[in-house]
Student: 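This is the structure I want to talk about, given as structure tokens.
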Amino acid sequence: MIDIKLIREKPDFVKQALLNRNQDTKIVDDILSLDVRFRNLTNQVNQLRSQRNAISKQVAQKKASGSSQEVEALMNEGKKIGEQIDSIESELKEIEQQINRLVLFVPNIPDSSVPIGKDETFNPEIRRWGEPRKFDFPAQAHWDLGPALGLMDFDRASKLSGSRFTVMYKDFARLERALMNFMLDLHTKEHGYTEVWVPHLVKRSTMTTTGQLPKFEEEAYRIEADDLFLIPTAEVPLVALRSDEILEEKELPLLYTAYTPCYRREAGSYGKDVRGMIRQHQFDKVELVWITTPERSFEDLEKLVSHAEDVLKRLELPYRVIQLCTGDLGFGAAKTYDLEVWLPSYNAYKEISSCSNDTDFQARRGNMRYRRKDGKLAFVHTLNGSGVAIGRTLVAVVENYQRPDGKIDVPKALQPYLGCEVLG
RNA sequence: GGAGAGGUGGCCGAGUGGUCGAAGGCGCUUGCCUGCUAAGCAAGUGUGGAGGUUUUCUCCACCGAGGGUUCGAAUCCCUCCCUCUCCGCCA
């Protein structure tokens with residue numbers, strides 16, 4: 001969440017940020033009017049409390065030295081003030097709850113370096129790497145190749161679980177596992193990340209820290225009996241790992257990586273990417289998370305992006321980097337780069353990683369602070385990025401490395417993990 | 001699922017109705033001392049909010065959360081949440 005003081009002191013700035021995100025600004029006015037009332041009542045109640053505290057002190061003194069009449073009078077006065085306090089407090093509490101609820105629905109402020117635009121058509125391309133392969137035979141989509149090889153099974157997947165699920169066998173199942181290990185090894189051995197193994201079911205408060213709740217509850221799978229949520233990304237447990245803690249400046253930045261499955265209801269994406277395993281209710285991903293300081297978080301984002309890019313470079317998959325404009329930015333993000341890999345079946349670049357600086361947005365929600373060298377406390381900054389989505393990487397490898405005979409060449413970087421040069 | 005214990009400042013830990021925002025210790029900061037390091041000595045050291053004469057100050061809140069009793073609650077009562085232990089079940 002953003003600092004309520006920012007709304008209080010620079011409401012026009014916040015409204016402009018919302019407009020840049022292509023969103024309604026009414027929420028700012030709603031919060032402002034509640035806040036005025038809140039501060040007004042706070043002052044009233046503080047004065048009354050101060051009076052009551054003074055009376056209570058006198059009671060204690062007079063009990064030892066004064067007359068019982070004096071004590072009686074003071075106690076009555078205190079009681080009257082107490083009644084006034086009670087009535088103001090109940091109103092105050094209600095207003096505070098409303099403010100807190102609303103503030104959780106305000107998105108992060110886009111960084112000043114983010115281009116302004118109303119939707120994804122305004123996302124600038126930052127750079128490209130590699131050349132899309134020219135096929136001298138009719139290239140197939142993975143949803144044709146996979147089943148033809150007997151390694152991908154969409155029919156039985158839907159028998160088991162419905163749409164947007166996949167079953168894989170033998171070499172493709174191994175490929176999934178190889179990619180997982182390849183990515184984790186790369187990030188831990190060469191990029192300095194600490195591998196973490198995390199729960200896949202998390203509490204409501206954990207999902208609130210990272211911003212999935214309360215606004216996007218309908219997109220998450222929820223276990224009703226225990227009010228637990230299936231994580232939509234390892235970002236959730238990795239970022240919240242250090243919530244409600246005070247870190248030392250010298251231990252920052254913390255670099256975490258984790259492999260997890262990701263579970264998404266994909267509500268509202270009907271008709272999108274319905275073929276193959278591009279958009280699934282369950283997919284594997286290796287996630288990268290930084291917990292860092294405000295001074296360096298934007299530089300760190302560049303590093304994080306380069307770590308995700310390194311995965312695609314080593315797999316020799318053509319990709320491009322785009323920056324999300326204000327209108328396309330996620331709820332918690334101040335700045336985001338997407339990596340898009342070349343997919344022959346789409347004849348286009350397709351998102352395979354999203355890397356964001358959430359600044360102090362998640363840190364405020366999760367109360368994640370650090371003690372600076374000068375002794376002051378400040379909120380940390382959190383970054384997250386896919387390093388990268390494994391299912392889509394498998395698709396990219398299968399489609400980009402396909403051969404005329406329908407089998408798949410294994411990228412050099414994966415050969416040690418698979419122990420062979422051809423799949424199928 | 002059954003039974004029990006517990007949640008106090010950065011950490012540990014005392015504190016059962018009135019100068020308790022909270023002893024003590026550790027840690028941290030600064031100074032002194034010291035060939036170096038360590039140790040030692042001294043002082044300081046919670047967070048948040050509102051206001052203001054805005055680098056000095058005042059007030060308020062906060063001892064898991066919420067309610068209650070009371071003139072007054074870390075302390076008493078109720079509800080909830082969380083953690084841990086033992087038993088049962090179980091990969």
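Model, not experiment: these values are computed from the prediction.
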Student: In Watson-Crick or G-U wobble terms, both distances under 3.5 Å, what is the partner of B:C62?
Tutor: B:G46
Student: Is B:G4 paired to anything, Watson-Crick or G-U wobble with both distances less than 3.5 Å, and if yes, which nucleotide?
Tutor: B:C84
Student: Does atom CD of A:Gln44 have more than 12 heavy-atom neighbours, drawn from other residues, nucleotides or ligands, at distances under 6.0 Å?
Tutor: yes
Student: Please determine, for B:G72, whether a Watson-Crick or G-U wobble partner exists with both distances under 3.5 Å, and give it or none.
Tutor: none
Student: Answer yes or no: does a side-chain N or O of A:Lys79 lie under 4.0 Å from OP1 or OP2 of B:G72?
Tutor: no
Student: Work out how far the P atom of B:A5 is from that of B:C90, and round it to whole angstrom.
Tutor: 28 Å
Student: Output the single nucleotide from B:G10, B:A50, B:G72 whose closest atom is nearest the side chain of A:Asn43.
Tutor: B:A50
Student: Using the P atom in both, what is the distance from B:U47 to B:G9, to the nearest Å?
Tutor: 13 Å
Student: Provide, to the nearest angstrom, the distance between the CD atom belonging to A:Gln97 and the C1' atom belonging to B:G66.
Tutor: 10 Å
Student: Ignoring backbone atoms, test whether A:Asn46 places a side-chain nitrogen or oxygen under 4.0 Å from the OP1 or OP2 oxygen of B:G51.
Tutor: no
Student: Can you check the A:Asp244 CG to B:C81 C1' distance for me, whole Å?
Tutor: 13 Å
Student: Could you check whether A:Glu91 pairs with A:Arg37 (Lys NZ or Arg NE/NH1/NH2 to Asp/Glu carboxylate O, under 4.0 Å)?
Tutor: yes
Student: Check every strand shown and say whether A:Lys80 touches a base, only sugar-phosphate, or nothing at a heavy-atom separation below 4.0 Å.
Tutor: nothing
Student: Find the partner of B:A91: check Watson-Crick (N1-N3 plus N6-O4 or O6-N4) and G-U wobble (N1-O2, O6-N3) distances, both under 3.5 Å, and reply none if neither fits.
Tutor: none
Student: Using atom C1' of each nucleotide, how far apart are B:G72 and B:C60 to the nearest Å?
Tutor: 16 Å
Student: Among the nucleotides B:C71, B:C60, B:G10, which one has an atom lying closest to any side-chain atom of A:Ile246?
Tutor: B:G10
Student: For the pair A:Lys350 and A:Asp273, find out whether any cationic side-chain nitrogen is under 4.0 Å from an anionic carboxylate oxygen.
Tutor: yes
Student: So which nucleotide does B:U16 pair with, by the Watson-Crick or G-U wobble rule with both distances under 3.5 Å?
Tutor: none
Student: Of the candidate nucleotides B:C59, B:C71, B:U83, which contains the atom at the shortest distance from the side chain of A:Lys203?
Tutor: B:U83
Student: Mind listing the closest non-hydrogen atom pair of A:Ala258 and A:Leu184 along with its distance?
Tutor: C-CD2, 4.3 Å
Student: Contact class for A:Asn53 vs. all strands (heavy atom < 4.0 Å): base, sugar-phosphate, or nothing?
Tutor: sugar-phosphate
Student: How close or far is atom C1' of B:G66 from atom NZ of A:Lys93, stated in whole angstroms?
Tutor: 7 Å
Student: Using the P atom in both, what is the distance from B:G68 to B:C62, to the nearest Å?
Tutor: 13 Å
Student: For A:Ser50, answer base if it contacts any base atom (sugar-phosphate contacts may also be present), sugar-phosphate if it contacts only those atoms, and nothing otherwise; contact means non-hydrogen atoms under 4.0 Å.
Tutor: sugar-phosphate
Student: Work out how far the C1' atom of B:G48 is from that of B:C80, and round it to whole angstrom.
Tutor: 24 Å
Student: Under 4.0 Å, heavy atoms only, any strand: does A:Lys63 hit a base, just the sugar-phosphate, or nothing?
Tutor: base
Student: Identify whether any heavy atom of A:Ile81 sits under 4.0 Å from a base atom; if not, whether one sits that close to sugar-phosphate; answer base, sugar-phosphate or nothing.
Tutor: nothing
Student: Who does B:C36 pair with, Watson-Crick or G-U, both distances under 3.5 Å?
Tutor: none
Student: Can you check the distance between B:G6 and B:U19, where both ends of the measurement are the C1' atom (answer in whole Å)?
Tutor: 30 Å
Student: Among the candidates B:A61, B:G10, B:A50, find the nucleotide nearest to the side-chain atoms of A:Arg39.
Tutor: B:A50
Student: Between B:G35 and B:U16, how far apart are the P atoms? Round to whole Å, please.
Tutor: 49 Å
Student: Check whether the side chains of A:Thr210 and A:Glu235 place a donor and an acceptor atom closer than 3.5 Å, and report yes or no.
Tutor: no
Student: CD of A:Glu248 versus P of B:G10: gap in Å, rounded?
Tutor: 11 Å
Student: For B:G31, which nucleotide in any strand shown is its Watson-Crick or wobble partner with both distances under 3.5 Å?
Tutor: B:C41
Student: Can you list the steps and then say if A:Ser345 with A:Trp143 is a side chain to side chain contact (heavy atoms under 4.5 Å, CB included)?
Tutor: CA-CA 9 Å; A:Ser345 57; A:Trp143 55 77; 3.9 Å; yes
Student: Considering only atom P, compute the distance from B:A3 to B:U79 and round it to an integer number of Å.
Tutor: 15 Å
Student: Which part of the nucleic acid does A:Arg369 contact within heavy-atom distance under 4.0 Å: base, sugar-phosphate only, or nothing?
Tutor: sugar-phosphate
